[in-house]
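Notes follow once the structure below has been shown.
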Amino acid sequence: MGVMDLAAKLMVAKGYLPGRIYSALPIRGVERPVFIIGCGRSGTTIFGESLSKHSKITYLNEYRHLWSSCYPETDIWTCMANLHNGKLYFTAADAEHRKSKKLSRLFRFETVKSGRPILVEKLPINNFRLEFIQHIFPDARFIHIYRSGLEVARSIGVLTEQNRWFNANPYKWEKLVEYALSKDDTKDLPDLCANPFDKGLLEWRLSTEAAVEFLKPLASDVYLEIKYDELVDWPVETLSRVIRFIGLGDDPEVFKFVSRSVRRKTSNMGRRFLSDKEVVLGGRLLPLSMDEEIGLAKR
């Protein structure tokens with residue numbers, strides 16, 4: 001660690017150095033970050049919260065502002081998204097060296113503030129930005145949590161009917177439609193979405209397929225897949241496996257939390273007969289997501 005880096009770390013710890021200045025200094029960024037990926041409503045929040053109890057982990061729960069402070073075009077949520085020309089899908093070609101350095105330092109700034117060296121971030125939209133993320137953070141690791149597509153669609157549908165999700169953010173739906181239209185195998189699907197459940201199922205398919213295609217060629221030490229059912233049925237065993245993957249030792253605070261907090265809140269829809277429309281909207285991964293076998297990327 002260089003003298004400037006050490007001095008900056010000390011100033012952050014004492015509260016003398018704000019993130020915007022830290023990110024502009026010629027010091028190293030975050031190392032070996034872990035990104036939790038998975039379609040929204042797949043258990044990403046409780047999973048990330050469980051990992052946050054580990055004494056070595058700095059957990060960022062949808063810190064969208066860090067991304068948009070460096071890459072304004074990542075904003076698809078706020079009232080400024082249109083002005084920012086917010087995009088859903090990013091590739092390595094979208095990465096810019098200066099912006100990426102700033103982002104990496106902002107991520108490290110969070111670990112210095114907390115005194116916990118391992119950064120774990122959860123942001124479901126990152127399923128559509130994985131190549132971009134890997135280019136910015138070449139030593140990144142990924143944990144993919146997935147859930148039955150029918151259960152995710154049901155959950156998104158309920159939230160949409162409550163004026164949340166798509167009703168609260170039509171811009172995101174517009175960008176999902178644009179993405180679907182850009183792909184030959186999904187270009188006809190937005191027209192089939194007649195209700196919130198259909199929209200939720202299409203989002204699940206687009207998000208999950210994007211993640212699986214990215215993960216397939218990666219080495220086994222770069223990514224880990226877990227299933228929502230595995231998390232809620234065997235939380236202690238599942239978190240222990242995840243913690244080992246990250247390279248840490250067990251922390252009793254994690255297991256104490258999951259033992260009392262991780263449980264299924266809605267009924268398991270199980271493996272049931274799929275309607276013709278569900279088959280078309282959900283694609284080939286839908287029946288696989290309902291199987292007991294764990295893992296999608298290698299199937």
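One-based numbering along the sequence shown.
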Mind telling me whether Phe107 and Phe137 have parallel, tilted or perpendicular rings, with 30° and 60° as the class edges?
parallel
Please verify the inter-ring angle class for Tyr71 with Phe132; under 30° counts as parallel, over 60° as perpendicular, anything in between as tilted.
perpendicular
Does CZ in Arg299 sit with more than 12 non-hydrogen atoms of other residues, nucleotides or ligands closer than 6.0 Å?
yes
More than 12 heavy atoms from other groups under 6.0 Å of CG on Asp139:
yes
Calculate, to the nearest 0.5 Å, the distance between atoms [atom1] and [atom2] belonging to [X] and [Y] respectively.
| X | Y | atom1 | atom2 | result |
| --- | --- | --- | --- | --- |
| His54 | Glu253 | NE2 | CD | 10.5 Å |
| Asn126 | Glu62 | CG | CD | 9.5 Å |
| Lys298 | Glu225 | NZ | CD | 9.0 Å |
| Ile118 | Arg141 | CD1 | CZ | 6.0 Å |
| Phe257 | Ser52 | CZ | OG | 6.5 Å |

[X] side chain to [Y] backbone, donor-acceptor under 3.5 Å:
| X | Y | value |
| --- | --- | --- |
| Ser289 | Leu286 | yes |
| Ser42 | Gly38 | no |
| Ser104 | Val30 | yes |
| Arg129 | Leu88 | yes |
| Ser114 | Thr111 | yes |

Test applied, ring-ring contact (aromatic ring centres under 6.0 Å, His included); reference residue, Trp173; option that passes from Tyr179, Trp165, Phe166
Phe166
Check whether the ring centres of Tyr89 and Phe128 lie less than 6.0 Å apart, and answer yes or no.
no
Counting the benzene-type ring for Trp, do Phe214 and Phe142 have ring centres under 6.0 Å apart?
yes
So, are Lys113 and Glu110 salt-bridged, with charged N and O less than 4.0 Å apart?
yes
Applying side-chain hydrogen bond (donor to acceptor under 3.5 Å, both in side chains), run through Arg116 and Thr58 and close with a yes or a no.
CA-CA 5 Å; Arg116 299 179 172 200; Thr58 296; 5.9 Å; no
Step by step, work out the salt bridge (Lys or Arg N to Asp or Glu O under 4.0 Å) result for Asp250 and Arg244.
CA-CA 8 Å; Asp250 288 343; Arg244 288 197 303 273; 5.3 Å; no
Looking only at heavy atoms, the pair that brings Val222 and Ala140 closest together is CG1-O, 3.7 Å
What are the two closest non-hydrogen atoms of Pro170 and Asn167, and how far apart are they?
CD-O, 3.9 Å
Derivation of the salt bridge (Lys or Arg N to Asp or Glu O under 4.0 Å) call for Lys56 and Asp251:
CA-CA 9 Å; Lys56 299 293 186 182; Asp251 188 320; over 6 Å; no
